[in-house]
Amino acid sequence: MMKLLRALVGLLIGIGYGWVIGAITLRLLRLTFDPRYPGPMIPDKNGWAMFTAFVVTVITAFCAALAGIAVGLARANALRGAVIGAGVGAGFFLLFTLLNVIGYWGWLMREPAHVWPLLLRDVGATFVVLPLGLPLVGLITGLITSKLKG
């Protein structure tokens, strides 16, 4: 029963982290246009911003929930939780970076000067969210679950 509670705590912290990152993403995307005048496309800029924030929220929440559940089930303290979170974050970071490079590969071979800024932006955002953020999820989960008796 206590393992289930620890896993549930990790899951909720991970989902909360994904929600926060999604809200920040939506606010940052709304800085790039005036929400009162979203443009003529369907979906318009508001729709694209909400869709992008939704995708970021789901992916981040999934990765963070896995890290939180792993920390909760491992009965890790704060330090071990941060290390587990960093490992999970580094693994997902490498996976998403590899997928990003594969996705941009054809364009990268034709026009590298135009692609490098996009690739670095994507990799930088992924680095901030996963390898830097998931240790925080592991740390918080470890702090909370280490206080649970049993």
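These values consider heavy atoms only, across backbone and side chains, with no hydrogens, waters or symmetry-generated copies. Numbers for residues simply follow the sequence, beginning at 1.
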Working to the nearest 0.5 angstrom, can you tell me the gap between [X] [atom1] and [Y] [atom2]?
{"X": "Arg121", "Y": "Asn100", "atom1": "CZ", "atom2": "CG", "answer": "9.0 Å"}
{"X": "Thr57", "Y": "Ile24", "atom1": "OG1", "atom2": "CD1", "answer": "10.0 Å"}
{"X": "Met50", "Y": "Thr25", "atom1": "CE", "atom2": "OG1", "answer": "14.5 Å"}
{"X": "Ile59", "Y": "Leu130", "atom1": "CD1", "atom2": "CG", "answer": "9.0 Å"}
{"X": "Thr141", "Y": "Leu12", "atom1": "OG1", "atom2": "CG", "answer": "9.5 Å"}

Check [X] against [Y] and note the closest heavy-atom contact, atom names and distance.
{"X": "Cys63", "Y": "Val88", "value": "O-CG1, 4.1 Å"}
{"X": "Asp122", "Y": "Thr126", "value": "O-OG1, 2.8 Å"}
{"X": "Ile15", "Y": "Ala61", "value": "CA-CB, 4.1 Å"}
{"X": "Gly85", "Y": "Ala67", "value": "CA-CB, 4.4 Å"}
{"X": "Gly81", "Y": "Ala76", "value": "N-CB, 3.7 Å"}
{"X": "Leu11", "Y": "Ala65", "value": "CD1-CB, 3.7 Å"}

Can you find a pair of side-chain heavy atoms, one from [X] and one from [Y], that are under 4.5 Å apart?
{"X": "Leu31", "Y": "Leu28", "result": "yes"}
{"X": "Leu94", "Y": "Thr97", "result": "no"}
{"X": "Arg6", "Y": "Leu73", "result": "no"}

Under 4.5 Å between side-chain heavy atoms, hopping through other hydrophobics if needed: is there a path connecting [X] to [Y]?
{"X": "Leu29", "Y": "Val56", "result": "no"}
{"X": "Leu8", "Y": "Leu148", "result": "no"}
{"X": "Ile69", "Y": "Val137", "result": "no"}
{"X": "Val123", "Y": "Val101", "result": "yes"}
{"X": "Leu119", "Y": "Met109", "result": "yes"}

field: Option from Leu134, Leu79, Val71 for which side-chain contact (heavy atoms from CB on, under 4.5 Å) with Ile84 holds
entry: Val71

- request: Using the ring-ring contact (aromatic ring centres under 6.0 Å, His included) rule, collect all pairs that involve residues 93-138, keeping only residues at least two apart or in two chains.
  value: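 Qualifying pairs: Phe93-Phe127.
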
query: Among pairs that include at least one residue of residues 34-72, which meet ring-ring contact (aromatic ring centres under 6.0 Å, His included), considering only residues two or more places apart or in two chains?
result: none

Examine distances only and state if a side-chain atom of [X] and a backbone atom of [Y] form a donor-acceptor pair shorter than 3.5 Å.
{"X": "Tyr17", "Y": "Val129", "value": "yes"}
{"X": "Thr52", "Y": "Ala49", "value": "no"}
{"X": "Ser146", "Y": "Leu143", "value": "yes"}

field: Stepwise side-chain contact (heavy atoms from CB on, under 4.5 Å) check, Thr145 with Arg75
entry: CA-CA 7 Å; Thr145 58; Arg75 298 182 64 158; over 6 Å; no

